[in-house]
Structure formats: structure tokens, C-alpha cells
**Student:** 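This is the structure I have questions about; it appears just below.
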Amino acid sequence: MEPLYKPHGVEERWQRAWEGEGLYHADPEAPGETYVIAIPPPNVTGALHMGHALNGTIQDVLIRWHRMRGFNTLWQPGYDHAGIATQAAVERELRKEGTSRLELGRDAFVERVWEWLHEYGGIIMSQFRRLGCSLDYERERFTMDDGYVRAVMRFFVHLYERGWMFRDNRIVNWCTDCGTTVSDLEVEHIDVDDTLTYARYALADGDGFVTIATARPATILADVALAVHPDDERYKALIGKDVIVPVVGRKVPVIADERVDPTFGTGALKITPGHDPTDFEIGRDHGLPELTVIGFDGRITGDVPDDFRGLTEAEAAERVVAWLKEHDQLEKREHYRHAVGHCDRSGTRIQPLVMLQWWCAMDDLARPAIEAIDSGRVRFHPPVHGRVASDWLKAIRPWNVSRQLWWGHQLPIWYCPDGHVTCAETEPTACAVCGSPELTRDPDVLDTWFSSALWPFATLGWPDDTPELRRYYPGDVNSTGRDIIFLWVNRMVMAGIELMGDIPFRDVIIHSTILASDGQRMSKSKGTGLDPVELIEQHGADATRYGLLKMSSTQDVRFTPVPIEEGRRLANKLWNASRLLLMSGGDEVEARPKSLEERWILARIDATRSEIERDFETYDFSHAVDRLYHLTFDDFCDWYLESIKPRLGEADVKATAFAALERLLELLHPVLAHVTEEIWSHLPAREGRLIVAPWLQPDASYAADVDALVRVQEAAERFRRSGVVTPLDGDEKRIFDAVVKPERAKGNGAGRLEEEVARLEGEIARSEKMLSNERFVANARAEVVQAEREKLERYRRELDAIRN
RNA sequence: GGGCGCGUAGCUCAGCGGGAGAGCACUCGCUUCACACGCGAGGGGUCGCUGGUUCGAUCCCAGCCGCGCCCA
């Protein structure tokens, strides 16, 4: 054993051993209460980032802890096919080769995606291995593998048969760059500088004008009404009249609707159901036509004057404004900053337009999920996210599930020449309505999140009745970041209750986001992203795990490497403490505490065990890790080892020390998995692996000694502050001399008697003043007053002690 | 516009009604036979601002200033 712990090699060796010996593997036939976590499936094209590393560490700590406690644990790994992202990556590749998916054709393109994935995909699992994550890698699943596809088809057909899947022309979020619709959740609202155009619409009866304000003058071409708030006195007289839409000359009505904000612009709103979500809803309620003038390429199309056709939206807007100016119907234009929807994948401005799509009605799915969250059957940590999740479900809208992509699960929908719809899990031979054998499959694929919703049970074999499904569903915990609560967590809860009749997990951990040092989200394009694998290379996996947990909290945190370095020092300290014991020989491991500090350290380890158990149960990992640090440095090394060091030759002392070390290693293992296993393997007469060693059981026989060193520690504190040595005898004197080494400490300026006297006199004065305040004594809680009296006594004793 | 959260030591963060804490950084002293990724000693904070509640406020309430996130 070298004086400097070098994690490289050691960590990889244990990772190979644990996995190779099948210790990560979950056996449904094995006994034990189950403990199940399904990893949030990373994009198959992705690489490990800080969020994955933190999340992986959190889950691994929980899994290792439960494994040691004898649970039948399953940590399910796998990948998500990530429709848009993967398709885009392969299309980029094709572009470099001078071809395109259209040139290849659908089948060849899909084939090409698979090839590409076999070459470049699926690297994250090896990165999780390098972090020490004890996932059951034998069970790796992919949302596009054969069994999973069946699950997705079953889910769709199930929803169709329930009557919740419907096809309709509704307003969608069209991304001209991705060439597909995206769901409302994939639209990011970003503030942009824009221009607000005030346009006058002529009343059809020639009785003047109404002025409206719009940020998108090009969409005037698709106006079908003006709307005002029903209580708006300025416009009451106009309701029911007609106005003439500029440029196109269409006569449209003025309607009244509560959804009009009378404070925006002039209070009169142009209604364009074809290109605005709110207008669309107003239009549906008022039975208005849904005209579309902007096409899938973002250019002007449809029933418009010829000179507009083919223009970009900006060009069309310019021409509309010119028309308004020419006809004296342009009132003004002013700067306007507002939030505009952008595609979160491509960053392109979303084009809302009306399109025939497949939708899922969500109300009946959402209702039991809301109940599960509100009743606390599904618990969020921290709880505030449960309320947010529930609020979102309560305002849920139909989900646009079809995507105009080639990579993904193709809809199980076929059409016959008469337009009848057949929905079936496998390819039907005839139309379900008219029996026509001529069937064409809908070309669209499903939203990636449609398949992710099934993750907790499709990975276990659903829709088949497998031993895994019976044994491991429902699971226990889901851990993830805030950003996919709606996209993923809520949908798993809905799908789990609907298909399995039970919630998929009990606890949802929402971990913090690790920000770059500038306080912004880490960003690849800004170069502020950090590669966790590099951190592992630099500091070791144990140190990285420790550091990530130390940084984690319910609050977002700016990254600094300092906590990881702290973890590295802890690993090194533990390594050297173990060296001290191992180098002095001895082959017995048994707790036979004879002296004060031996009973004390065993009690301290037990006490810390219950403290970190409480931390783990409440998913408070940073405090758990902090306790482990101080237990190791302060209690185990500084007090215990220093105390016994002179007596390491004694067999009893040695055997007890090994027993204490064993317990410490057990406590540390879930976090510092590798270094603890390495040290464990050096312990005398050690068989079996720490990873599957039983979690330590507290021993009540020394529990009473958890404060056994208080007098010595007070004496040490007193000596440090004042330089006064307290008379002690027996174990206490021996421990004090061994740890404090007063003769050496004197040399470096320890203890300034006068300052300490002054400090204590100050404290005594403060305390006396408080206790002589009648209102304090009368109003404060009795135990607070009592505590203050005891404090005062202690200060007086302390002062006496250093004056004598 | 609606909602949530955060401003505590130079840095990153705990604490959240009765004596301001940790790690790092900084200063000083130690190659002490486990560890210099160490040991010992030390300096450093009107706990964003202004009011209020209270015997007592970093902690509770209100307002303000600054920063961030989510939803529309």
C-alpha cells in the first residue's frame, strides 16, 4: 500500500469484478423485499454530462445502500431513441456525404440510423460503469427494441380503444427547421425585440375604422374576425358589426370574447385561428373558419393575392405594412418586446398553424395521476415540485402525439381508400370498417415521450406477464431533473396507473441543477460544459461521486471542483488510516472495546449510521456526505486513531480497531464505493465483497458512550483557547496527552489566557443581562431559560478553570 | 401577466426564532515513525435594504432592490 491513494486502475478493477461476479444483477427468484429504480433513459446518441453524473450517483448510493441492507435491488438501465435528436444527427451526417434522407428513402434511412447507432450510440452506459454505477447492465433496454415496440403499439391501441386518441385539425407547433410538429412542452418562450403594428380596419358600413395592434402583420391575410372584451365600453357598439380585412378585402365580424385582454394594444384583437393558439380557441368557440396562409416551409401560401405567394413571413409583413401606409390605414409602429415560442431542439421560431394530427385526450388519464400526487401516494422531494406537477395536470390539454419524422415508432394506424381508420397492434389485412384490403399506414411516428411514459414497466417485459414485471413493479424511486417533470414523470404516473393499475414509483427525487461557474446553465455551445469523465480521470470516481453529492441540494449550485477535491482528500485519509492499522499487523477483527475511546468510536459510528440513514431517507445527500467526512477526519482519525496509536501493539486494541474500521467502511461504501472495497479486501481474514456485505447493525452495548469524550474534548478546547491544562486522570488523561500533545502545541502560540478571560467575561455579562430581563424570564419557554442558566454556569466554571 | 426560489466569511454553500457555521482560499508554525491530498495555531461576516411582529429576528410578516427558474 502506497502512502498516496491512486484511484486509477483500482476503480476499474473493482468495476470489472463487481459486474463480472454478477453482483449488479437482479434475480427475481431471489428473496428479499424489492427496491427498484429505473434510470431515466439517456438519449442513445448522448454522452455523460454533469446532470447524468449527479443523478447516477444519487441513484447508485440508494441502490448500494439497499443492496447492503438485504433488499432485492434492481437498477434498470437503458436508452431512449430520442426521435428528433437522433434523426437530426444522422441527417447532418448525410448532408456531409452530399445526400439526404429524401434521396435515401424511408427504409434505407431507418437502416442507416441503426447502423449509425451501432457505431456511435450507446456510450453512456460505459461512462456510468466508470462512475461506479451498479446498474444491472445485463438488462439494458432500448425504447426501439422489439419488445418495447410492442409495448408502445399496445399503449396506442389501448388509448384508441378507450376513445382518447383522435385525429383532428387543430393548431400545432410547427418547427420549420425540424420539419415536424412538437408538443407544447417542447416550445420555449423567449423574449424577442419586435415591432407592434397598429392597423385600421374599415367598418363595412362605412362608419369609420377600428384600430388593432399586431406583432405579425403578415397573418392579417388569414384574419377571420376582430374580437373585443364584452365589457369594454369603447367597443360595445361595434359588436356584431362587420369590418373589412386590409389587403384581402374580406368582410369579417366583430365578436366579443372574455379572453381578449382590453389592456393590450387598443383592446381590439384581430382573430387568426390558423396561426395563433388563443385565436384558434376563440375561433373554435365562435365557429370561425381556420384559414392558413403560412406553409410548412414558413412561406406564404393558400388563398392570398398572387404577389404574396412564396414570400417569407418577413417579406409579406413588409408588403402588408406598405399596403396599410398606402391606404392610410397604418396608425403607427412601435418597438415591442414579448415572449415568442421557439423550438427547444433547433432554436427556430415556432410557426403555429392548423394541421391534421393525432391527439390524445388527457383528462381521464390525468385525473387519477392528480389524485396520486395530491394524496401523497407519489411524493416529490422537495415537495414543492409535486404541487407544480399537479397544477400542470389540472390544466392539461390534448397531447399532439404524431411527429413528421422517420425515426421512431410509426403510428399503428392504417387508412383505406375511403378514409376509414384501422388501429391495430400489428399490420391488419383489411379495413376494420369496410373490409378493403388496400391499406396505407400513417407515415408519422410517435412523440419520443410517448414511449418513455412506459419505461418503468415496458423495461420489465410488459405487455407480457414476466417474472420481472410481477416482482419489480411498482418500483420505488424515480430521480431526475426539474426539466422533465411534465414531459416524463407525469406521463409515467398516468401510464402506470392506466395500464398497470398502480403508480410506477413512490418517491420522485428532483435533484438540483449544477450550473457553470458563471451561474448559467452549462452549455456546450458556450463551452461552459464540463465532462464528468474528465473529472473522474483527474480525481477518481469516488471523489467525483462525493463531490457531486456534496454540491447537490434542493437549490441549484454553481460548479466548483473544490468539493470533489475534498472527496479525494477523504479517500486518501481513509486509505492512510487503513495503512496505519494494516502496517502494524494483527489478524483478528472483533470489537472488544476496553477503554473509553474504543467504546466511544463504536458508539459514534453507530450514531452516524442512524444520522445518515435519516439523510438518505429524506434524500439529503450533501448532509450525509458531510457527516461521513467529519466522522472520518475528526472522530476516527483525529481522536480515535491518535488515542490508540501508542497501544497498537496490543491484540485487543488492534482487533477492535479493525472492527471499527470495518464499520466505517460499510458506512462509507455507498458513496466511496471503490476505495472502501479496496481497503476491505486488505482486511485480515476477509472473504466476500463489501458491496454485498450486510449493512452495519448498531450495538446497544456501547451506545451510552457516544458522549464519552466530552470532558476530554472540552479540556482540549480550553487548552487551545487559553493554554491552561485541565487536570485529568486515567483514560481521559491518556487520551488528552495522545491527541492534544500539549508540550508540542505550546510552541505555536496556542492559548492566550487574557483574551479567553475577556471572551468568557463577555459571555457571562451577556448571559446575566438576559437572565435579569424579567420579560425574558417571564415570556421565553422554560427550557430556553433553563438552557441559558446552564450556559451561564458553564461559562463561570470555564472561567474558574482557567483562573486556577 | 401568473407562480416558485435565491441574496449568510474572498469563493461554493449549510443553518432558518434564543451564543454566526463547513470546505476551500488566506496568515503563522511544523518533513511528529498512516497521511504535506497531512498536523497544529490564527485572521476574516452591520446574515441585500427598510419597516413590522416578538422579551428576543440571519431565521416569521410586509415593502423595496438585485439575481434565477417555471408557466402563459
**Student:** May I have the distance from R337(A) (atom CZ) to G1(B) (atom P), rounded to whole angstrom?
**Tutor:**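 To the nearest whole Å, that distance equals 14 Å.
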
**Student:** What's F636(A) touching, base or sugar-phosphate or nothing? Going by heavy atoms closer than 4.0 Å.
**Tutor:**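 Here F636(A) touches no strand at all.
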
**Student:** Across all strands shown, which nucleotide pairs with U12(B) by Watson-Crick or G-U wobble geometry, both distances under 3.5 Å?
**Tutor:**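 Its partner is A22(B) (Watson-Crick or G-U wobble, both distances under 3.5 Å).
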
**Student:** Can you tell me, in whole Å, how much space there is between the C1' of C55(B) and that of A41(B)?
**Tutor:**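 Each nucleotide's C1' atom is 40 Å from the other's.
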
**Student:** Looking at E642(A) and A34(B), is any side-chain donor or acceptor paired with a base atom of the opposite kind under 3.5 Å?
**Tutor:**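 Looking at the base of A34(B), it does pair with a donor or acceptor on the side chain of E642(A) (distance under 3.5 Å).
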
**Student:** Which is true for A778(A) with a 4.0 Å heavy-atom rule: it touches a base, it touches only sugar-phosphate, or it touches nothing?
**Tutor:**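 No contact.
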
**Student:** Across the strands shown, which category fits S622(A) at heavy-atom distances under 4.0 angstrom: base, sugar-phosphate, nothing?
**Tutor:**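 Since no nucleic acid heavy atom lies under 4.0 Å of S622(A), the category is nothing.
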
**Student:** By nearest heavy atom, map N779(A) and D634(A) onto RNA chain B; which one lands nearer the 5' end?
**Tutor:**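 Comparing both residues, the 5'-ward one is D634(A).
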
**Student:** What contact category does L4(A) fall into here, base, sugar-phosphate, or nothing, at under 4.0 angstrom with non-hydrogen atoms?
**Tutor:**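 Base contact - L4(A) has a heavy atom under 4.0 Å of at least one base atom.
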
**Student:** Once you round it to whole Å, what is the distance between P of G15(B) and CG of D620(A)?
**Tutor:**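 Those two atoms, CG and P, are 8 Å apart.
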
**Student:** Side chain of F776(A) only, please: which of C55(B), G23(B), C35(B) is the nearest?
**Tutor:**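 Comparing C55(B), G23(B), C35(B) against the side chain of F776(A), the answer is C55(B).
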
**Student:** Assign M583(A) to base, sugar-phosphate, or nothing according to its heavy-atom contacts below 4.0 angstrom with the strands shown.
**Tutor:**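 Result for M583(A) = sugar-phosphate.
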
**Student:** Looking only at side-chain atoms of R387(A), point me to the closest of C71(B), C4(B), C24(B).
**Tutor:**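 In terms of side-chain proximity for R387(A), the closest of C71(B), C4(B), C24(B) is C4(B).
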
**Student:** Is there a donor-acceptor contact under 3.5 Å linking the side chains of H623(A) and D615(A)?
**Tutor:**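 The criterion, which ignores hydrogens and geometry beyond distance, is not satisfied for D615(A) and H623(A).
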
**Student:** Rounded to whole Å, please give me the gap between CD1 in I484(A) and P in C70(B).
**Tutor:**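 It is 14 Å, rounded to the nearest whole Å.
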
**Student:** With C1' as the reference atom in both, quote the distance from A57(B) to C49(B) in angstrom, rounded to an integer.
**Tutor:**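 Roughly 15 Å separates the two C1' atoms.
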
**Student:** Among U12(B), G23(B), A14(B), which is the nearest nucleotide to the side chain of Q555(A)?
**Tutor:**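 Closest nucleotide among those given: A14(B).
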
**Student:** Would you tell me whether D374(A) and S390(A) have side-chain atoms, one donor and one acceptor, within less than 3.5 Å of each other?
**Tutor:**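 Their side chains do contain a donor-acceptor pair, which is all the 3.5 Å distance test asks for.
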
**Student:** Nearest to the side chain of L641(A) - G40(B), A34(B), G38(B)?
**Tutor:**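 Looking only at heavy atoms from C-beta outward on L641(A), the closest nucleotide is A34(B).
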
**Student:** Using whole Å, report how far CZ of R482(A) lies from P of G68(B).
**Tutor:**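 Nearest whole value for this atom pair: 14 Å.
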
**Student:** Is there a side-chain contact between F719(A) and P742(A) in this structure, where contact means two heavy atoms from C-beta onward sitting under 4.5 Å apart?
**Tutor:**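 Yes, at least one pair of side-chain atoms sits under 4.5 Å.
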
**Student:** Whole Å only: how far is the CG atom of N773(A) from the P atom of C55(B)?
**Tutor:**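 Whole-Å distance recorded here is 10 Å.
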
**Student:** In whole angstrom, give me the gap between the P atoms of C60(B) and C37(B).
**Tutor:**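 Pairwise P distance, C60(B) against C37(B), rounds to 42 Å.
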
**Student:** The side chain of A780(A) lies closest to which of these nucleotides: G23(B), C4(B), G18(B)?
**Tutor:**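 Of all the options, the side chain of A780(A) is nearest to G18(B).
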
**Student:** Looking at G18(B), C69(B), G38(B), which one has an atom nearest to any side-chain atom of V784(A)?
**Tutor:**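 Out of G18(B), C69(B), G38(B), the nucleotide with an atom closest to V784(A)'s side chain is G18(B).
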
**Student:** Any salt bridge between E798(A) and K791(A), counting N to O under 4.0 Å?
**Tutor:**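 Looking at K791(A) together with E798(A), the answer is no, because their closest N to O distance does not fall below 4.0 Å.
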
**Student:** According to the Watson-Crick and G-U wobble definitions, with both distances under 3.5 Å, which nucleotide is paired to C59(B)?
**Tutor:**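 Pair assignment: C59(B) / none.
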
**Student:** My understanding is that a pair needs two contacts under 3.5 Å, Watson-Crick or G-U wobble. By that rule, which nucleotide pairs with A41(B)?
**Tutor:**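 Paired with U27(B).
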
**Student:** At 4.0 Å (heavy atoms only), tell me whether R558(A) reaches a base, stays on the sugar-phosphate, or touches nothing.
**Tutor:**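 Sugar-phosphate only.
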
**Student:** Looking only at atom C1', what distance separates C70(B) and G17(B), rounded to whole Å?
**Tutor:**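 Per the computed distance, 31 Å lies between those C1' atoms.
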
**Student:** From NZ of K645(A) over to P of G38(B), roughly how many Å is that when rounded to an integer?
**Tutor:**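 Taking NZ of K645(A) and P of G38(B), I get 14 Å after rounding.
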
**Student:** Hunt down the Watson-Crick or G-U wobble partner of U54(B), both distances under 3.5 Å, from any strand shown, or write none.
**Tutor:**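 None - no nucleotide pairs with U54(B), as no candidate has both distances under 3.5 Å.
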
**Student:** Can you tell me how far P in U27(B) sits from the matching atom in C67(B), rounded to whole Å?
**Tutor:**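 So the two P atoms sit 34 Å from each other.
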
**Student:** Hey, does N572(A) reach any base, or is it just sugar-phosphate, or nothing, if we go heavy atoms under 4.0 Å?
**Tutor:**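 Base: the residue N572(A), judged by heavy atoms under 4.0 Å, touches a nucleobase.
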
**Student:** Rounding to the closest angstrom, what is the interatomic distance between G45(B) and G38(B) at atom C1'?
**Tutor:**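 Approximately 29 Å lies between the C1' atom of G45(B) and that of G38(B).
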
**Student:** Assuming nearest nucleotide by heavy-atom distance, tell me which of R521(A) and R579(A) is located more 5' along RNA chain B.
**Tutor:**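 By nearest-heavy-atom nucleotide position, the 5'-most residue is R579(A).
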
**Student:** Sticking with atom C1', work out how far G40(B) lies from C64(B), rounded to a whole angstrom.
**Tutor:**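 Rounded to whole Å, the distance is 48 Å.
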
**Student:** Does C69(B) have a Watson-Crick or wobble partner in any strand here, with both distances under 3.5 angstrom, and which is it?
**Tutor:**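 Matched C69(B) with G3(B) under the 3.5 Å cut-off.
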
**Student:** G17(B) pairs with which nucleotide, Watson-Crick or G-U wobble, both distances below 3.5 Å?
**Tutor:**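 For G17(B), the partner nucleotide comes out as none, under the 3.5 Å rule.
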
**Student:** Rounded to the nearest angstrom, tell me the gap between atom CZ in F559(A) and atom C1' in C24(B).
**Tutor:**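 It is 13 Å, rounded to the nearest whole Å.
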
**Student:** Any side-chain donor-acceptor pair under 3.5 Å between R569(A) and Y629(A)?
**Tutor:**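 Result is yes, a qualifying pair exists.
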
**Student:** How far does the C1' atom of G3(B) sit from the matching atom of C13(B), given to the nearest Å?
**Tutor:**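 The same atom, C1', in both gives a distance of 26 Å.
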
